[in-house]
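Whatever order the structure lists ligands and atoms in, that order sets their numbers, starting from 1.
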Amino acid sequence: MNIHEYQAKAVLREFGLPVSNGKAIFKAAEAEAAARELGGPLWVVKSQIHAGGRGKGKFKEPEAGEKGGVRLAKSVEEVKTFAEQMLGRTLVTVQTGEAGKQVNRLYIEEGSDIETEFYLSMLVDRETGRVAFVVSTEGGMDIEQVAHDTPEKIVTFSVDPATGIMPHHGRAVAKALRLAGPLAKEAEDLTARLYRAFVAKDMSMLEINPLIVTKDGHLKCLDAKISFDSNSLYRHPEIVQLRDTTEEDEKEIEASKYDLAYIALEGTIGCMVNGAGLAMATLDIIKLYGEEPANFLDVGGGASEEKVTAAFKIITADPNVKGILVNIFGGIMKCDVIANGVIAAVRAVGLQVPLVVRLEGTNVEKGKEIIRSSGLNVIPADDLDDAAQKIVAAVRQR
Ligand code: ADP
Ligand code: MG
């Protein structure tokens with residue numbers, strides 16, 4: 001789960017990290033009061049969307065003005081003008097795709113005098129199974145570009161969970177950023193606090209770009225992006241409250257209501273599979289035969305007929321779906337339950353596209369019989385390879 005910058009900064013503030021004062025607003029009419037309360041003389045009006053690259057982004061509507069999604073304002077009047085221009089408008093950045101994202105919230109923040117911009121992020125490194133730090137002196141710009149052109153400018157290390165964060169980790173960050181004296185001390189303190197926040201809140205990613213040195217010689221987190229591990233949200237109700245579903249894929253929201261592991265993808269073949277491993281293999285084999293999957297969907301081990309129906313509805317609601325592949329290995333999940341779910345769903349939502357069903361495992365004969373006798377136009381398949389070829393062929397024929 002992702003949250004907005006202003007929410008991420010509030011989380012960081014709880015852990016004593018240096019962030020600027022700011023106010024989130026939802027209406028342009030709130031801009032003036034927010035600006036006056038902050039006092040100035042410099043403000044930054046920041047679009048709050050779940051995507052980066054806002055500073056260099058462009059609005060679609062001419063009424064939004066020429067400037068990007070992060071604007072420096074030198075007067076209360078200017079804050080008001082920017083708020084009126086930006087709210088409700090569509091911001092396109094390198095991360096939003098062409099469609100862009102509507103800006104429904106703004107963060108009015110104190111302007112900082114920037115001496116230097118650094119990059120710092122943390123993530124769960126799957127290779128080492130540890131929390132890793134990624135640090136670079138080249139902040140504020142495209143870090144992927146830096147990684148590509150000058151990888152030596154990026155320093156990474158991971159933290160052994162058995163020891164937790166240690167003073168030497170902080171020194172490693174300070175060294176990577178070439179900081180000395182009191183600023184090095186600040187970097188050490190910041191490193192420890194960031195790690196504590198990361199672990200305590202079950203984050204999966206935390207990115208501060210830029211982390212700055214102010215003109216008066218202090219570190220500050222000027223931007224903050226946080227993703228949380230969705231599997232841990234049950235123990236963080238305060239984080240769940242920060243969820244902004246308008247930023248999420250509608251199909252994914254619907255899927256989460258039924259506890260389905262669903263991720264929307266770009267292709268045309270909708271997939272319903274049980275088990276994450278089998279779901280991944282299904283995506284791979286669709287690609288192998290030259291088509292692209294429209295989604296990842298794991299209905300789980302103990303899915304009910306209701307859950308299968310919901311899953312099927314979500315898949316068919318995607319206008320890009322030109323064909324559906326149901327691939328179930330009945331273990332805990334029984335093939336007849338799946339078959340009944342599929343039939344019920346097809347009856348409820350209709351079937352506009354070809355449907356290939358491959359069943360294997362517990363009660364497979366019962367399942368196949370249910371599908372055969374349903375009279376519905378379902379293409380049966382014997383194994384995964386056969387199923388993938390059949391759905392690819394069916395999609396291409398349309
Ligand atoms: P994004 O990464 O989405 O473009 P940022 O929050 O990093 O958004 O803002 C873009 C740039 O705007 C920053 O690199 C920084 O130079 C400037 N900026 C952001 N917040 C402030 C602030 N409070 N004071 C001064 N400059 C800021
Ligand atoms: Mg940034």
Side-chain angles (χ1 to χ4, degrees), residues 2-13 17-25 31 34-35 37-59 64-76 78-79 82-83 86 89-97 100-123 134-147 154 177 194 205-227 244 247:
N2 298 325
I3 58 174
H4 289 291
E5 174 200 359
Y6 76 94
Q7 298 167 325
K9 284 180 171 171
V11 172
L12 296 182
R13 192 177 283 120
L17 285 150
V19 290
S20 306
N21 291 321
K23 289 225 148 263
I25 64 163
E37 201 177 316
L38 290 169
L42 197 62
W43 298 263
V44 184
V45 184
K46 311 185 78 174
S47 306
Q48 299 296 293
I49 54 170
H50 286 186
R54 296 163 300 165
K56 288 185 179 162
K58 284 233 172 322
F59 283 94
E66 289 292 301
K67 296 197 170 99
V70 175
R71 301 180 181 183
L72 218 58
K74 296 212 169 77
S75 66
V76 174
E78 223 179 349
V79 172
F82 289 156
M86 293 157 84
R89 303 273 145 75
T90 313
L91 182 60
V92 180
T93 81
V94 286
Q95 291 184 13
T96 61
K101 281 199 158 174
Q102 192 176 45
V103 176
N104 298 317
R105 307 177 189 198
L106 293 175
Y107 191 43
I108 320 272
E109 194 180 51
E110 276 173 4
S112 291
D113 279 330
I114 304 172
E115 181 73 41
T116 330
E117 297 195 336
F118 298 136
Y119 177 91
L120 188 153
S121 68
M122 298 169 69
L123 51 115
V134 179
V135 196
S136 176
T137 50
E138 309 302 299
M141 43 195 247
D142 210 350
I143 194 70
E144 289 86 358
Q145 198 66 31
V146 178
I154 296 180
L177 299 178
L194 284 175
M205 201 271 307
L206 164 62
E207 187 182 55
I208 313 235
N209 186 27
L211 167 71
I212 63 156
V213 179
T214 57
K215 285 246 155 63
D216 58 1
H218 293 287
L219 288 178
K220 197 176 254 186
C221 306
L222 220 58
D223 189 7
K225 192 173 177 184
I226 300 181
S227 303
D244 178 1
E247 292 283 336

Distance-only, no hydrogens or angles: does the Q48 side chain make a donor-acceptor pair with backbone N or O of E5 under 3.5 Å? yes
**OP:** Answer yes when E78 and R71 have at least one side-chain N-carboxylate O distance shorter than 4.0 Å, and no when they do not.
**Re:** no
Between D244 and H4: side-chain donor-acceptor atoms closer than 3.5 Å:
yes
Taking 2.8 Å as the strict upper bound, the Mg ion (ligand 2) has protein N, O or S neighbours numbering 2
query = Will you find, in the side chains of D113 and T214, an N or O donor that is under 3.5 Å from an N or O acceptor?
reply = no
All heavy atoms of G57 vs all of L91, minimum pair found to be C-CD1, 3.9 Å
Per the under 4.0 Å non-hydrogen criterion, ligand 1 touches V44, K46, G52, G53, R54, G55, V70, E109, E110, G111, S112, I114, E117, N209, P210, L222, D223
message: Tell me whether T93 contacts the main-chain N or O of G52 through its side chain, where contact means a donor paired with an acceptor under 3.5 Å.
response: yes
By salt bridge (Lys or Arg N to Asp or Glu O under 4.0 Å), K225 pairs with (sequence neighbours left out) none
Contacts satisfying salt bridge (charged side-chain N to carboxylate O under 4.0 Å, His left out) that involve residues 206-223 (not counting sequence neighbours) are R54-D223
Cation-pi between R89 and F59: NZ/CZ under 6.0 Å from ring centre and within 45° of the ring axis? no
